[in-house]
Amino acid sequence: MARIVMKFGGTSMAGMERIRNVAARVKYVVEQGNEVAVVVSAMAGETDRLVNFCREASALYDPAEYDVVVAAGEQITSGLLAMTLKAMGVEARSWLGWQLPIRTVETHAKARISEIETDALLAAMTSGQVAVIPGFQGMMEDGRISTLGRGGSDTSAVAVAAAVKADRCDIYTDVDGVYTTDPRIVSRARKLGMVTYEEMLELASVGSKVLQTRSVALAMKERVRVQVLSSFEAPTQNDIPGTLIVSEDEIEDSSMERQLITGIAHDKNEAKIIVTRVPDKPGAVASIFGPLAEASINVDMIIQNDSKDNEETDVTFTVPRADLARSVDILEARKDAIGFRRIITDAEVAKISVVGVGMRSHAGVAALMFQTLAERGINIEAISTSEIKVSVLIDEDETELAVRVLHTAYGLDAEQTAA
Ligand code: ADP
Ligand code: ASP
Ligand code: MG
C-alpha cells in the first residue's frame with residue numbers, strides 16, 4: 001500500500017467522458033489498496049474563458065476578485081469528479097482550497113502556498129475516502145480565495161504530496177512524459193525515462209510548460225517523488241512508465257553515459273526592448289532597471305552594446321510580453337532622468353534554450369548552438385547563459401525551425417517519431 005497524489009490537467013478533465021476516464025483510473029489505484037488524494041485542473045480552455053470575462057469587466061480589475069472568478073473552474077471539476085467516483089462505488093468527497101485550508105501568502109493571482117492543514121485530509125484518506133482537491137486555489141490570511149498563477153495545479157499537487165508525505169505525486173497530462181523537447185513541435189522528440197530536478201527546473205523556467213516551474217522547485221526542496229504520465233493510457237497499463245523526476249545521483253548511478261544536452265525549450269512570452277543612446281556612465285543602467293524592478297517586472301536577457309564613441313550606448317533586454325506596455329510607460333516617464341534617445345520594442349521574438357547538466361563539464365555547447373542557427377540563416381538577437389543552460393533570442397517566425405535543427409544537432413532525435 002502506498003499514499004499517492006494523482007493530478008489531472010485540463011485536457012484530461014475536459015468533459016464528462018474524460019472525467020469518467022479519470023475516475024476509472026483513480027478507482028483502479030484505490031482498488032490496488034492505495035490511499036489517494038486527487039488534484040484537478042479546470043476543464044481545458046475554461047480558465048482562459050474566465051480570465052477574459054475579468055478583462056471585459058474592467059481593464060484594471062481587482063486581483064482579489066479575479067481570484068474569485070478564475071478559481072471557479074477547478075471548483076466545478078472537483079465536484080464533478082467526486083460525484084463520478086461515488087457513482088462508480090468509490091468513496092470520495094471534494095475539499096476546496098478554503099475548506100482544508102490551503103493557506104497562501106503574498107499576492108492575489110500569483111499567491112504562494114505557505115501551509116496545508118492535513119488533519120481532515122489525512123482522516124479522509126486513511127479511512128479509505130478519496131480526497132478530491134481543486135488545484136490552483138488557496139486561501140489568503142484574511143480568508144479570501146486566492147490562485148497560484150497559470151499552470152498552478154501542478155504546484156497544488158506537489159504541495160499536497162509534501163504535506164501528506166505521499167510516496168508519489170503522479171502528474172497525469174496529455175503527453176506520456178517529459179520529452180527532449182515539446183513533442184507537438186518536434187515529432188522526433190524522445191521521451192526521457194528520468195530527468196533531474198535541476199534540469200526540469202531549468203527546462204520549466206525557460207518554457208517547457210509540461211510542469212509549472214514552482215512545482216518543480218517545491219518538489220526539489222521537499223524531495224517529492226514526481227512522475228509525469230499520460231491520462232489517456234488505459235488504467236490496466238499502469239506499468240507503462242512516464243518520466244520520473246530524480247536527484248542527480250540517482251541518474252548518475254543508473255545511466256553509464258549521460259546525454260550532454262537533456263532538452264530544448266522555447267518561450268514566446270517575452271518581448272524585446274532596445275533603449276537607444278543611453279549615456280555610457282556609471283548609474284545609467286541602474287536608472288533603467290531600478291524602476292522596472294520596483295514595478296515587479298522581471299527583466300531576463302540583457303545586452304549592453306559596445307559604445308561607439310565612448311559616450312553613448314544602446315541597452316537591449318527582454319521582459320514578459322504581458323509587461324511590455326507597462327515597461328515602456330515606466331521608462332518614457334523617466335526619459336529625462338535616464339537620458340536615452342528612443343525606445344524600440346519587438347514582441348515577435350522567441351527565446352530558445354538548450355539545457356543539460358552535461359554542459360558543466362563540456363565546452364562547445366554554445367558554439368554548436370550558434371553555428372547550427374547560423375547555418376540556417378537564423379539571426380541571434382540576444383544571448384544569456386547559466387551553468388546548465390544557453391538561451392538565445394530569435395525571430396518568433398523561426399521558432400519551430402530553430403528547435404528542430406538544434407534537436408538534430410545535439411543528437412536528440414529519436415529513431416522513430418513520437419506518438
Ligand atoms: P495540463 O493541462 O495537463 O497541465 P499542459 O498543457 O500544462 O497540461 O502541459 C502539457 C503540454 O506541455 C504538452 O501537451 C506539451 O505540448 C507541452 N510540453 C512542452 N514542452 C514539453 C516537453 N519537453 N515534454 C513534454 N511536453 C511538453
Ligand atoms: N486551470 C489553471 C490554468 O489553466 C491551473 C492549471 O490548470 O494548472 O492555468
Ligand atoms: Mg499544466
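Note that the coordinates shown come from a computational prediction; the quantities given were computed from them, not determined experimentally. The figures here come from the full heavy-atom set of this structure, side chains too, leaving out hydrogens, waters and symmetry mates. Both ligands and their constituent atoms are indexed starting at 1 by order of listing.
Val349 places none of its side-chain heavy atoms less than 4.5 Å from the side chain of Glu396.
Nearest protein heavy-atom neighbour of atom 1 (N) of ligand 2: Glu74 OE2, 2.6 Å. For atom 6 (O) of ligand 1, the closest non-hydrogen atom on the protein side is Lys209 NZ, 3.1 Å. Nearest protein heavy-atom contact of atom 6 (C) of ligand 2 is Ser153 OG, 3.3 Å. Scanning the protein heavy atoms around atom 2 (O) of ligand 1, the nearest turns out to be Gly10 N, 3.0 Å. Closest protein heavy atom to atom 27 (C) of ligand 1: Val210 CB, 3.7 Å. In this structure, the protein non-hydrogen atom closest to atom 3 (C) of ligand 2 is Arg150 NE, 3.3 Å. Scanning the protein heavy atoms around atom 7 (O) of ligand 2, the nearest turns out to be Ser41 OG, 3.0 Å.
Remark: ligand 1 and Ser12 share no N or O pair separated by less than 3.5 Å (distance only, no angle test). For ligand 1, the polar-atom distance check against Arg184 finds a nitrogen or oxygen pair separated by under 3.5 Å. When only interatomic distances are considered, the shortest N/O to N/O separation between Gly149 and ligand 2 does not fall below 3.5 Å. At least one N or O atom of Thr47, backbone or side chain, sits closer than 3.5 Å to an N or O atom of ligand 2.
The residue among Val355, Asp174, Leu211 with a heavy atom at the shortest distance from atom 14 (O) of ligand 1 is Asp174. For atom 19 (C) of ligand 1, the nearest non-hydrogen atom from the set Val186, Asp182, Val178, Thr243 comes from Asp182. Considering each of Thr180, Val228, Thr173, Val195, the one bringing a non-hydrogen atom nearest atom 1 (P) of ligand 1 is Thr173.
Every atom of ligand 1 with a heavy atom of Lys7 under 4.0 Å away is listed here by number and element: 4 (O). Taking a cut-off of under 4.0 Å to the non-hydrogen atoms of Pro183, the atoms of ligand 1 that pass are 24 (N), 25 (C), 26 (N), 27 (C). The contact set between ligand 2 and Phe136, taken as ligand atoms under 4.0 Å from a residue heavy atom, comprises 2 (C), 5 (C). Remark: ligand 1 atoms within the under-4.0 Å shell around heavy atoms of Gly177 are 24 (N), 25 (C). Remark: ligand 1 atoms within the under-4.0 Å shell around heavy atoms of Tyr179 are 22 (C), 23 (N), 24 (N), 25 (C).
Comment: Arg144 does not engage Asp142 in a salt bridge, judged by the lack of any side-chain N to carboxylate O separation of less than 4.0 angstrom. The pair Arg404-Glu400 does not meet the salt-bridge criterion, since no charged nitrogen lies less than 4.0 angstrom from a carboxylate oxygen. A salt bridge links Arg184 with Asp174: the distance from a Lys NZ or Arg NE/NH1/NH2 to an Asp or Glu carboxylate oxygen falls below 4.0 Å. By the 4.0 Å N-to-carboxylate-O rule, Asp167 lies too far from Arg225 to be salt-bridged with it.
Side chains of Ser41 and Ser153: a donor-acceptor N/O pair is present below 3.5 angstrom, by distance only. Side-chain atoms of Ser215 and Gln212 include no donor-acceptor pair closer than 3.5 Å. For the residue pair Asp413 / Thr408, a side-chain donor-acceptor distance below 3.5 Å is found, with atom types taken as modelled.
Between Asp300 and the options Lys272, Lys351, Lys389, a salt bridge (Lys or Arg N to Asp or Glu O under 4.0 Å) holds for only Lys351. Remark: of the listed residues Leu201, Thr180, Leu203, Val195, Leu203 is the sole one forming a side chain to side chain contact (heavy atoms under 4.5 Å, CB included) with Val355.
For Gly151, the heavy-atom gap to ligand 2 drops under 4.0 angstrom. Ligand 2 has at least one atom lying under 4.0 Å from a heavy atom of Gly152.
Of all non-hydrogen atoms in Val69 and Leu50, the two that sit nearest each other are O-CD1, 3.5 Å.
More than 12 heavy atoms of other shown residues, nucleotides or ligands fall within 6.0 angstrom of atom CE in Met220.
Of the heavy atoms in Glu46, none comes closer than 4.0 Å to ligand 2. Counting heavy atoms under 4.0 Å from ligand 1, residue Ile171 does not touch it at all.
With hydrogens and angles ignored, the 3.5 Å screen pairs a side-chain donor or acceptor of Arg321 with a backbone N or O of Glu270. In this structure a side-chain-to-backbone donor-acceptor pair under 3.5 Å is missing from Thr181 to Ala189.
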